[in-house]
Amino acid sequence: MTIPVRTPVIRAFRVLAVAEAFSWAALLAGMYFKWIAKTTELGVEIAGPIHGALFVGYGIAALALWRLQRWPFVVALFAGLSAVFPFATIAFERWAGKRGYLTPRTAVPAGTKETAGV
């Protein structure tokens, strides 16, 4: 039994969605200490690059799933937009999971037309 490439990408997407949301929390906490409490910049210096890397990773995973899972453009657009707003990646991941966008799909033979979810 071979594991389709979609399964690891879906798993990575789910992990990155949660990690990206946690990195938002860390970055917002760091920004509080830097700009409001005016005590230290360490939180932003640490959380900023981590959040940036997770943001990029989430975006790459979303683009990969758009292609592999044949998401409609609107679903891919919402996946990308969810990374811009704090904690929205978790909401998108749950929404997409409930609607089957994060379920591995079977391969469609070449030359076969795929229906639009009907």
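Since we're looking at a predicted model, the values are computed, not measured.
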With a cut-off of 3.5 Å and sequence neighbours excluded, list every side-chain donor-acceptor pair involving residues 31-55.
unit_1, atom_1, unit_2, atom_2, d
Thr40, OG1, Leu42, N, 3.1
His51, ND1, Ser23, OG, 2.8

Legend entry - With Thr103 via side chain to side chain contact (heavy atoms under 4.5 Å, CB included) - residues at least two apart: none

Inset, instruction - With sequence neighbours left out, write down each residue that passes side-chain hydrogen bond (donor to acceptor under 3.5 Å, both in side chains) with Trp24, or none if nothing qualifies. - result: Glu20

How close do [X] and [Y] get, heavy atom to heavy atom, and via which atoms?
{"X": "Ala62", "Y": "Trp71", "answer": "O-CZ3, 3.9 Å"}
{"X": "Tyr101", "Y": "Pro72", "answer": "CE2-CD, 3.8 Å"}
{"X": "Val9", "Y": "Ala61", "answer": "CG1-O, 4.3 Å"}
{"X": "Pro104", "Y": "Thr7", "answer": "CG-OG1, 3.7 Å"}

Legend entry - Non-hydrogen side-chain atoms of Trp95 and Val75 separated by less than 4.5 Å: yes

Legend entry - Beyond-backbone contact of Leu102 with Leu65, side-chain heavy atoms, under 4.5 angstrom: yes

Counting only pairs under 3.5 Å, give me each side-chain donor-acceptor contact of residues 78-86, with atom names and distances, residues two or more places apart or in other chains.
unit_1, atom_1, unit_2, atom_2, d
Ser82, OG, Tyr58, OH, 2.9
Ser82, OG, Ala79, O, 2.7

Legend entry - Nonpolar side-chain network containing Val18, other nodes, edges under 4.5 Å: Phe22, Ile90

Inset, instruction - Give the cluster check for Val56 versus Leu16: same hydrophobic cluster or not, with ILVMFWY residues linked at side-chain heavy-atom distances below 4.5 Å. - result: no

Legend entry - Co-membership, hydrophobic cluster, residues Leu68 and Leu77, 4.5 Å side-chain: yes

Legend entry - Glu93: salt bridge (Lys or Arg N to Asp or Glu O under 4.0 Å) partners, not counting sequence neighbours: Arg14

Inset, instruction - Apply side chain to side chain contact (heavy atoms under 4.5 Å, CB included) to Phe13 and Phe92, showing your working. - result: CA-CA 11 Å; Phe13 179 82; Phe92 176 81; 3.7 Å; yes

